[in-house]
Asker: 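I have a structure I would like to understand better, so I am pasting it below and will then ask my questions one at a time.
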Amino acid sequence: MSTSAASPAADADGAPTDVPAASRAERIGDAALDLLVERGMRGLTHRAVDERAGLPQGSTSNHARTRQALLETALRRQVQLEAQLLTPDELPGAGGGNPLADTDTRTDTDALADPAAPVDMDAPVDMDVLVDVLALALHRYLTDHRALLVSRYELALEATRRPELRAFFDSAGSVFRGPLVAMAAAAGSAEPERHALSLIAWAEGLMFSCAVGSFHSAVPSRAELRLSIGELLRGMLGGRPARG
C-alpha cells in the first residue's frame, strides 16, 4: 500500500482547506524557526517556509502576508515552545501550574503561551526548589533545545533593526520576565525587579556562551548549574548554603 497521501484541497490562495488554522500556524512557525537556525535571517522567505512545512505554495503568504507578519509568526511560535520547556508540575508553586498563565503578569501577548492553571505567585518559594527549577530549565536549553536559543538570537538581532518587531519582541519577553520577578519576590527579594534582571542577565550570558560562544563544547551539568545558581541567588537574597 502506498504511503503517499493525496494532495490536500486548497483555497483560492493555495492554502489547504483541511488543515486547522492553529495547526497551520504551528507548522509555519516551526518551519520558520528551523530556517532561521539553518540559514539565518536571509534564508527565511515565504517560499522556503512553504517548502519546509510541506504546504502548498502560497500557504505562508496567505497566513502571513508581509515579512513582519512572518517574523511575528516565528516569534509567537518561539515563545510557545519556550513556555513548554518545563511542564506545569515542574514549576514552583503549590500543586504545580504555569506562572505564565498568571493574570497579573500576562500582557496582551498572553495568547503566545499555552493556557494552564494559574499559580499563586505570592506564595513563598523555597530557595532549593527555585534553584532546581532554574537549573533544569537551563540544562534543557543547553542539551536538548540549543536550536531554540539560536532562533531566539536571530530574532533578537533582527529586532534591533526593525522597531515594529522590537515592540513585539519586548512584549513577548514580558511573558517570561513578569513571573520571574514574582518568583524573586516570593523567594524573599526586597528588590525583585533588580534581582530578576541580574538573574536573567547571568542566565542569558551563560546560555549564549555555551550555545554559540567560546564555551559551546562545554555544557555544564545540572549539578554544576544548580551550584552556580544557588551561589548567585543566595548572594543576592541571602540564605543557607546550597545543598550538596
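These values consider heavy atoms only, across backbone and side chains, with no hydrogens, waters or symmetry-generated copies.
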Asker: Tell me, please, which residues at least two apart from Arg162 pass side chain to side chain donor-acceptor pair (under 3.5 Å).
Answerer: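 Testing Arg162 for side chain to side chain donor-acceptor pair (under 3.5 Å), a comparison that skips the adjacent residues, returns Glu158.
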Asker: Which side-chain hydrogen bond (donor to acceptor under 3.5 Å, both in side chains) pairs, counting each pair once, include a residue from residues 30-44, with sequence neighbours left out?
Answerer: Asp30-Arg77, Glu38-Arg52
Asker: Arg67: which residues meet the salt bridge (Lys or Arg N to Asp or Glu O under 4.0 Å) condition with it, sequence neighbours left out?
Answerer: none
Asker: Rounded to the nearest 0.5 Å, what separation is found between the CG atom of Leu206 and the CG atom of Leu232?
Answerer: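 If we round to the nearest 0.5 Å, Leu206:CG and Leu232:CG are 10.5 Å apart.
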Asker: At what distance, to the nearest 0.5 angstrom, does CG of Asp50 lie from OG1 of Thr60?
Answerer: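 Reported value, rounded in 0.5 Å steps: 3.5 Å.
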Asker: Under the rule for side chain to side chain contact (heavy atoms under 4.5 Å, CB included), what residues qualify as partners of Ser198, not counting sequence neighbours?
Answerer: Met236
Asker: Are Trp202 and Leu237 joined in one hydrophobic group, where the rule is that I, L, V, M, F, W and Y side chains link up if heavy atoms are under 4.5 Å apart?
Answerer: yes
Asker: Using the salt bridge (charged side-chain N to carboxylate O under 4.0 Å, His left out) rule, collect all pairs that involve residues 137-157, keeping only residues at least two apart or in two chains.
Answerer: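 Qualifying pairs, neighbours excluded: Glu82-Arg152, Glu90-Arg140, Arg152-Glu204.
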Asker: Mind checking side chain to side chain donor-acceptor pair (under 3.5 Å) for Gln68 and listing every partner two or more places apart, or none if nothing turns up?
Answerer: Glu72
Asker: Kindly write out the residues that satisfy side chain to side chain contact (heavy atoms under 4.5 Å, CB included) with Ala223, not counting sequence neighbours, or none if the list is empty.
Answerer: Ser221, Arg226
Asker: Does some side-chain heavy atom of Leu35 sit less than 4.5 Å from a side-chain heavy atom of Val49?
Answerer: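 In contact.
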Asker: Applying side-chain contact (heavy atoms from CB on, under 4.5 Å), run through Val150 and Leu36 and close with a yes or a no.
Answerer: CA-CA 8 Å; Val150 175; Leu36 286 175; over 6 Å; no
Asker: For Ala203, which residues count as a side chain to side chain contact (heavy atoms under 4.5 Å, CB included) partner, sequence neighbours excluded?
Answerer: Leu138
Asker: Is there any salt bridge (charged side-chain N to carboxylate O under 4.0 Å, His left out) pair reaching into residues 170-185, and which pairs are they, with sequence neighbours excluded?
Answerer: Arg166-Asp170
Asker: For His195, check side chain to side chain donor-acceptor pair (under 3.5 Å) against everything at least two apart and list the hits.
Answerer: Ser189
Asker: Which value, rounded to the nearest 0.5 Å, describes the distance between Ser151 atom OG and Leu44 atom CG?
Answerer: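 Going from OG on Ser151 over to CG on Leu44, the span is 11.0 Å.
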Asker: Taking only residues two or more places apart in sequence, or in another chain, which ones meet Glu193 in a salt bridge (Lys or Arg N to Asp or Glu O under 4.0 Å)?
Answerer: none
Asker: How many angstroms lie between CD1 in Ile28 and NE2 in His63, if you round to the nearest 0.5 Å?
Answerer: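 With rounding to 0.5 Å, CD1 (Ile28) is 5.0 Å from NE2 (His63).
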Asker: May I ask you to test the Leu155-Leu33 pair for a side-chain heavy-atom distance under 4.5 Å?
Answerer: yes
Asker: Less than 4.0 Å between a side-chain N and a carboxylate O, is that true for Arg234 and Asp128?
Answerer: yes
Asker: With no hydrogens and no angle check, is any side-chain donor or acceptor of Ser61 less than 3.5 Å from a backbone partner on Gly58?
Answerer: no
Asker: Of all the heavy-atom pairs spanning Leu142 and Pro220, show the shortest one and how long it is.
Answerer: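 Closest pair (atom of Leu142, atom of Pro220, distance): CD1-CD, 4.1 Å.
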Asker: Listed by chain and number, what are the side chain to side chain donor-acceptor pair (under 3.5 Å) partners of Glu51, not counting sequence neighbours?
Answerer: none
Asker: CD1 of Ile229 to CZ of Arg222: how many Å apart, nearest 0.5 Å?
Answerer: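 Ile229 atom CD1 to Arg222 atom CZ measures 10.0 Å (nearest 0.5 Å).
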Asker: Determine, using the 4.5 Å side-chain heavy-atom cutoff (strictly less than), whether Met41 and Phe169 are members of one ILVMFWY cluster.
Answerer: yes
Asker: Taking the side chain as every heavy atom from C-beta outward, state whether Tyr153 and Met207 have any atom pair closer than 4.5 Å.
Answerer: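 Tyr153 vs Met207: side chains touch.
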Asker: With a 4.5 Å limit on heavy-atom distance, are the side chains of Leu199 and Met183 in contact?
Answerer: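 The answer is no, as the side chains (C-beta and beyond) never meet within the 4.5 Å cut-off.
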Asker: What is the distance from atom OG of Ser174 to atom CG of Leu180, rounded to the nearest 0.5 Å?
Answerer: 12.5 Å
Asker: To check you understand the geometry: which heavy-atom pair defines the closest contact between Leu85 and Ala137, and what is its length?
Answerer: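 That would be CD2-O, 3.6 Å.
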